[in-house]
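All values below were derived from every heavy atom in this structure, side-chain atoms included, with hydrogens, water molecules and symmetry-related copies excluded. Below, chain A is the first sequence line, B the second, and so on; all start at residue 1.
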Number of protein chains: 2
Amino acid sequence: MPKNEASENVTADDVAVAAGVSRWTVNRAFKKDASISPMTREKVMQAASQLGYLPDLRAAALASDKSNLVALLVDDFANPHKLVMLERLTRALRSRGWDTLLVNTLNAEDAGPAIANASQRRVDATILIGIQFDDEVLAAALGARRLQKLIIFARTSENPNTISIAVDDAAATREIAQYVLDRGYKRPFYFAGPRTVSAHLMRKETFLAHWLKHTDQTVPSMSAPSYDANIAAEMVGHQFANQQETTRPDIIVCENDALAIGTIDAIRHQLGLRVPEDIAVIGFDDVPLAASPNYKLTTYRQPLTAMADYLVDVLEQSESKDMTRTFHGQLITRDSA
Amino acid sequence: MPKNEASENVTADDVAVAAGVSRWTVNRAFKKDASISPMTREKVMQAASQLGYLPDLRAAALASDKSNLVALLVDDFANPHKLVMLERLTRALRSRGWDTLLVNTLNAEDAGPAIANASQRRVDATILIGIQFDDEVLAAALGARRLQKLIIFARTSENPNTISIAVDDAAATREIAQYVLDRGYKRPFYFAGPRTVSAHLMRKETFLAHWLKHTDQTVPSMSAPSYDANIAAEMVGHQFANQQETTRPDIIVCENDALAIGTIDAIRHQLGLRVPEDIAVIGFDDVPLAASPNYKLTTYRQPLTAMADYLVDVLEQSESKDMTRTFHGQLITRDSA
DNA sequence: TTGTACGCGTTATCAA
DNA sequence: TTGATAACGCGTACAA
């Protein structure tokens with residue numbers, strides 16, 4: 001343990017006295033591009049570490065009105081992809097000097113209070129990460145004027161006051177639909193996620209439109225109330241129990257991997273069928289488990305690292321107009337379809 | 001959108017003018033147990049919502065030296081159980097008025113800087129959540145004197161300066177070992193997680209000791225470098241390839257579910273064997289996937305909600321002596337063993 | 001390169 | 001119950 005006898009609050013003033021300089025020189029020593037002589041800085045830093053001094057970021061934020069802090073709102077912890085997103089985002093943020101407030105949007109009614117909460121911490125930006133927001137939530141977020149930036153990550157929004165950083169869902173879905181066509185599947189079924197009034201992904205609609213256009217046929221579908229593999233398994237087991245080979249789908253296209261994993265489990269263990277021989281499955285996200293020898297899931301991988309890096313770019317930009325950007329990922333073909 | 005015309009910083013002063021009271025009365029209105037007449041408070045709150053005023057928590061923290069903020073340090077995002085922990089912790093914290101700083105400990109060398117980072121935000125406590133800390137990390141954390149409390153969640157630590165909130169690993173492991181004995185398994189194999197100098201779980205040691213005591217036999221084992229299902233699958237596939245039925249284990253006891261899931265995948269898809277008929281598997285944590293029709297994993301469930309609630313109790317306590325506490329969970333028996 | 005008022009928005013404490 | 005003074009620790013702007 002370092003021998004920092006000063007157990008109480010060490011401030012820049014204390015360091016100033018110890019180093020024989022003024023308090024402002026101490027602060028300069030901790031600023032990156034400050035005009036200060038290397039010798040003075042060295043002297044200050046020595047005294048600082050001697051006393052165990054580190055600048056107080058609360059005070060800095062208060063004085064400069066810049067917190068280097070963002071709020072990450074998350075509402076759906078059942079989806080394993082959230083963990084991957086959290087890792088990539090916190091990594092990109094922290095390695096570039098940003099801290100992260102993780103806000104659990106406890107339930108549908110809590111989105112407003114959650115945003116108010118973040119705004120009281122005077123974060124520089126609020127990030128909705130794959131959240132089931134609706135227009136009310138957005139209005140609440142935009143109403144809390146202190147939120148400099150409102151970023152929708154991994155989802156698109158048409159609201160001009162938000163910045164959306166996401167994969168091009170339409171293009172990705174068309175690529176998936178074309179793959180399904182090219183592989184010769186005839187009876188696809190679309191398994192969508194939660195459908196809110198304004199915030200659901202357009203993947204289902206895109207897939208159905210593409211299929212209709214190319215085959216003149218309508219694709220049946222259903223929607224899960226949440227991205228939860230166990231719930232998905234139950235739904236699939238229920239939906240396709242006792243179906244004839246000729247009427248059941250030959251491929252189930254899932255809105256994401258959480259649903260796809262549950263679907264595969266149900267096909268094997270509840271319907272007693274094989275993947276992909278009897279029913280094939282496609283997912284979206286490429287969660288770690290998708291690559292496991294058990295699932296070998298064909299899925300669409302988003303460029304999360306690039307998206308996270310871009311998010312930090314946006315934060316560091318003073319302007320926030322026209323920052324919305326879509327990315328392109330890639331279809332990862334494995335054995336499931 | 002609410003009609004809060006005042007777009008810039010609204011402070012208590014503005015509200016005071018609007019409500020015709022002093023600034024201190026405004027702040028009182030927002031304090032829970034303040035001596036203020038209901039009428040005055042009502043008047044203040046009305047003016048406040050009119051202007052869109054919410055107290056600035058940075059300033060409050062600075063003035064009161066109490067931030068109502070904790071730092072959650074996480075180093076291992078491959079383990080799906082982390083997501084469950086994050087959900088339970090943020091839920092308990094936020095519903096009782098605490099905010100959460102999520103700090104990604106980017107790599108082994110980064111633990112120190114991560115802690116320093118949190119201490120600069122003047123958090124009221126730092127929580128190590130299932131982290132692979134070692135003595136150096138603890139020393140660094142304790143060296144940053146501003147951390148009022150250092151809490152080790154879901155792991156035990158003998159360091160008297162820390163508060164550990166965890167399940168009784170020894171008791172849990174003995175229960176597992178006894179179950180394995182009772183079910184008549186003869187050749188167990190222990191699959192452990194990362195082994196650091198000072199911070200690994202004692203589950204493996206406990207299991208081996210229990211088995212030795214009751215059967216006089218030594219249990220073979222191996223250790224994965226991280227709690228990652230895909231890595232676990234590879235290791236198991238490698239370890240038991242081409243083994244005779246008589247020499248291979250009849251049960252693999254895993255330090256947690258991430259390893260157990262990989263183990264099951266490998267047994268089925270790489271070794272071509274059945275679970276539990278050829279090799280049984282036991283995990284620890286009861287992640288959501290453990291209940292899926294595919295894994296039906298026998299595992300040990302920790303009382304996470306109670307643990308999270310207790311954590312907030314600890315935060316609200318002024319004393320921090322003798323706050324370490326262990327919990328008891330329960331063995332969830334499913335089909336895998 | 002270094003030093004100096006002043007302000008950031010709140011809380012603690014005491015006085016009215 | 002209310003009002004007022006003095007911190008809390010640092011940043012900005014400017015002067016030395």
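- In this structure, Arg58(A) and Arg121(B) have side chains that are not in contact, with every pair of non-hydrogen atoms separated by 4.5 Å or more.
- Distances shown here put a side-chain N or O of Thr40(B) below 4.0 Å from the OP1 or OP2 atom of dT2(D).
- Between the CG atom of Leu62(A) and the C1' atom of dC8(D) there is a distance of 9 Å, rounded to whole Å.
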- prompt: Using a cut-off of 4.0 Å between protein heavy atoms and nucleotide atoms, how would you tag nucleotides 10-16 of chain C 5' to 3' with B, S and -?
  reply: BBB----
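- In this structure, the helix from dT1(C)-dA16(D) to dA16(C)-dT1(D) shows an angle of 30° between the axis at its start and the axis at its end, each fitted on 5 base pairs and rounded to 10°.
- Rounding to the nearest 0.5 Å gives a distance of 9.5 Å between CG of Leu311(A) and CD1 of Ile129(A).
- To the nearest 0.5 Å, atoms CD1 (Ile163(B)) and CG (Leu150(B)) are separated by 8.0 Å.
- Two rings, from Tyr310(A) and Phe153(A), have their centers 6.0 Å or more apart.
- The neighbour count for Asn107(B) CG, taken as heavy atoms of other residues, nucleotides or ligands under 6.0 Å away, is above 12.
- If you check the side chains of Gln120(A) and Asp56(B), you find no donor sitting under 3.5 Å from an acceptor.
- Atom-to-atom, CZ of Arg58(A) to C1' of dG9(C) comes out at 13 Å; the value is rounded to the nearest Å.
- Atom CE in Met39(A) sits roughly 13 Å away from atom C1' in dT2(C) (whole-Å rounding).
- For the atom pair CZ of Arg88(A) and CG of Asp309(A), the computed distance is 10.5 Å after rounding to the nearest 0.5 Å.
- Applying the side-chain hydrogen bond (donor to acceptor under 3.5 Å, both in side chains) rule to pairs touching residues 67-76 of chain B yields Ser67(B)-Asp124(B), sequence neighbours excluded.
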